[in-house]
A.B. asks: 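One structure follows; several queries about it will come next.
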Amino acid sequence: MGLIAWVKKVLFPAPTPAAHASEPRRERVREERSATAAAADAPLPKQNSAKAATGAMLRPRVGPLDSDEVVTVVLESPEEDLLWRLSQRIDSGRLDIPVLPPTSVAALAMVNRPSVEVRQLVEAIERDPLIASELLRMANSALYATAAEAASVQQAVMRVGLKSVRNVIFGAAMKSSLGNARRLNEYAEEVWRQAQAVALVARTLSSSAGIDREQGYLVGLLHDLGKIALLGMLQTEMKDMGRLTPALVGRVFRTFHERAGRAMALEWKLPAEIVSVAGCHHDFAANSDHPREAALAKLAHEVDLRLSLRDESGLRALVDSPALAALGIADESARWRTVEAARTSWEAHESGAGS
Ligand SMILES: [Fe+2]
Ligand SMILES: [Fe+2]
């Protein structure tokens, strides 16, 4: 057995007969759809406030919204009308961009200064309970934890470093903005789940690609930022419609999220590479300003999508992805190891072990 074949065998053992992978794809999708429909009819679970405060993830009740199976479902007429109204608004530049929370603005301004007064930064963070709790959670997660617990914001800042503090602030801003889409909270939960999963996968992929890991995390976290603005607009436009289908939300996301992402990243005055990636990552080769960061976002997105769909063959196919070539990972053994490392970080996140 050659080296490549051995690496493949070790990293990607054949799926077990009990796994979903042995079923015809269409059957699986139908099953997952009916599970989603059943979940959608169930009463809303009471939000666990302790979990919400610490940022622990609740499993979204809708599945991935980016798959071809979801976005190609034929829409009924009220949803077609809503899609038309939304496209009219977006085409004429009338997007609703959520405001970046003032506490986030203040804290980010300090993090971005060349020299930071830690005491002032700590005070700014302490004024925002969401940022403070997320920061403490990160500082005491498996990624950073030492024998002693970080018990204060100051200790947490010192432990994780300024780049990670910045990432926490952006994450809290996203979470807070998603909270505005109350009528669509099942979709907001999936957007948040995806952002976190893609961020962690992107951080792992960054190690192989020679990209700063925290920068990679931020690219993953914010690459689909536009979905937040779109959820707010969907909520406004749905008026008295009781519920939206994953097909409509998925279609809106696929059609408009990069355009909305660029507008939102500009409005939030995000770094140039984030503006660029949020505006163009699916066709990453078309992103001439930041092609590597765009390829990173695209690859991390695909890893999350394939694993969320339990699409083992789709995950294996990522080894031949042009995004890996764009990231400069050419050696075949390195490609297999990179995809497997991405899977490991995704699974750690889904099981609640990731940070
Ligand atoms: Fe995207
Ligand atoms: Fe994405």
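Fair warning: this is a prediction, and the values are worked out from it, not measured in the lab. Every number for a ligand or one of its atoms is a count from 1 in the order of the listing.
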A.B. asks: When rounded to the nearest 0.5 angstrom, what distance separates CG in D224 from CG in D66?
C.D. replies: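 CG of D66 is found 6.5 Å from CG of D224.
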A.B. asks: Identify the residue among E134, Q215, E214 that makes a side chain to side chain donor-acceptor pair (under 3.5 Å) with N167.
C.D. replies: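 Single pass found, and it is E214.
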A.B. asks: Check the surroundings of atom CZ in R259: do more than 12 heavy atoms from other residues, nucleotides or ligands lie under 6.0 Å from it?
C.D. replies: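 It does: R259 CZ has more than 12 such atoms within range.
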A.B. asks: Does any non-hydrogen side-chain atom of V111 lie less than 4.5 Å from one of V116?
C.D. replies: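 Side-chain contact under 4.5 Å: no.
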A.B. asks: If we only count heavy atoms from C-beta on, is the L270 to F170 side-chain gap below 4.5 Å?
C.D. replies: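 The answer is yes, as the side chains (C-beta and beyond) meet within the 4.5 Å cut-off.
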A.B. asks: For the Fe ion (ligand 1), count the protein N, O or S atoms found under 2.8 Å away.
C.D. replies: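 Counting protein N, O and S atoms closer than 2.8 Å to the Fe ion (ligand 1) gives 4.
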A.B. asks: Taking everything shown except M158 itself, do over 12 heavy atoms lie less than 6.0 Å from its CE?
C.D. replies: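 Open: at most 12 neighbouring heavy atoms sit under 6.0 Å from CE of M158.
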